[in-house]
Amino acid sequence: MGRALKTSFANLQATELLPTLRARGLSPWRISVHAHHNALPPMITVLGIQVGSMLGGALFVENIFSIQGLGALIVQSVALRDYTLIEAVALLIAVIFIVVL
């Protein structure tokens, strides 16, 4: 995430935004606030991808270490062919992706 933030700031410095803000007479603090607001969308995208990876990894970790959680619930519902629960969990994961991305 740090690398994505650094890249966002580098791309932001290549644009006309920061010199324009300096020319308008904004304080360094306000320029920093504007820069952070413009650098956030790529960070949210990276965060969404990482959340999805963590949910996918939870399935394997919970199954291997016998921990009860969302991953174990998915494995159990697949084994029992509980299609309603599988659809509900898939919908929950899709909503999380949509909200974060």
Side-chain angles (χ1 to χ4, degrees):
M1 286 184 52
R3 190 179 335 166
L5 184 64
K6 181 180 175 184
T7 304
S8 291
F9 279 126
N11 290 340
L12 190 62
Q13 287 179 351
T15 64
E16 295 289 324
L17 178 69
L18 296 181
T20 304
L21 293 175
R22 284 188 194 100
R24 286 180 57 195
L26 272 86
S27 67
W29 171 254
R30 292 300 300 169
I31 292 173
S32 173
V33 168
H34 282 283
H36 280 88
H37 282 289
N38 287 326
L40 273 180
M43 292 299 300
I44 293 172
T45 303
V46 169
L47 180 67
I49 293 169
Q50 287 183 349
V51 166
S53 298
M54 287 184 347
L55 285 175
L59 188 130
F60 297 110
V61 171
E62 290 174 5
N63 196 18
I64 291 172
F65 293 111
S66 299
I67 300 171
Q68 294 299 317
L70 189 61
L73 180 67
I74 295 171
V75 171
Q76 184 181 14
S77 62
V78 167
L80 296 175
R81 295 184 183 191
D82 187 2
Y83 298 117
T84 310
L85 187 59
I86 295 169
E87 289 175 2
V89 172
L91 181 65
L92 174 70
I93 293 172
V95 167
I96 291 172
F97 269 116
I98 290 170
V99 167
V100 172
L101 291 178

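For clarity, every value in this text was computed on a predicted model and none was experimentally measured.
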**OP:** Report the distance from atom CE of Met43 to atom CD of Gln50, rounding to the nearest 0.5 Å.
**Re:** 8.0 Å
**OP:** Measure the spacing between OG1 of Thr7 and CG of Asn11 and express it to the nearest 0.5 Å.
**Re:** 6.5 Å
Subject >> Joint cluster assignment, Val78 & Val61, ILVMFWY side-chain distance < 4.5 Å >> reply: no
Original post:
Can you name the closest pair of heavy atoms from Pro42 and Ser8 and give their distance?
Top reply: CG-OG, 3.3 Å
**OP:** Answer whether the closest heavy-atom distance between the side chains of Val33 and His37 falls below 4.5 Å.
**Re:** yes
**OP:** Would you name the heavy atoms of Ile67 and Ala72 that are closest together and state the gap between them?
**Re:** O-CB, 3.4 Å
Subject >> Short side-chain to backbone donor-acceptor contact, Ser32 and Pro28, under 3.5 Å >> reply: no
Original post:
Do Leu18 and Ile31 come within less than 4.5 Å of each other through their side chains, counting heavy atoms only?
Top reply: yes
Original post:
Measuring from Thr45:OG1 to Leu47:CG, what's the distance to the nearest 0.5 Å?
Top reply: 9.0 Å
Original post:
With side chains defined as the heavy atoms from C-beta onward, is the minimum distance between Leu73 and Glu62 less than 4.5 Å?
Top reply: no
**OP:** Measure the NE2-CG distance between His34 and Leu17 for me, rounded to the nearest 0.5 Å.
**Re:** 8.0 Å
Original post:
Which distance, rounded to the nearest 0.5 Å, do you find between the CG of Leu91 and the CD1 of Ile86?
Top reply: 13.5 Å
Original post:
Which value, rounded to the nearest 0.5 Å, describes the distance between Leu85 atom CG and Ser77 atom OG?
Top reply: 4.5 Å
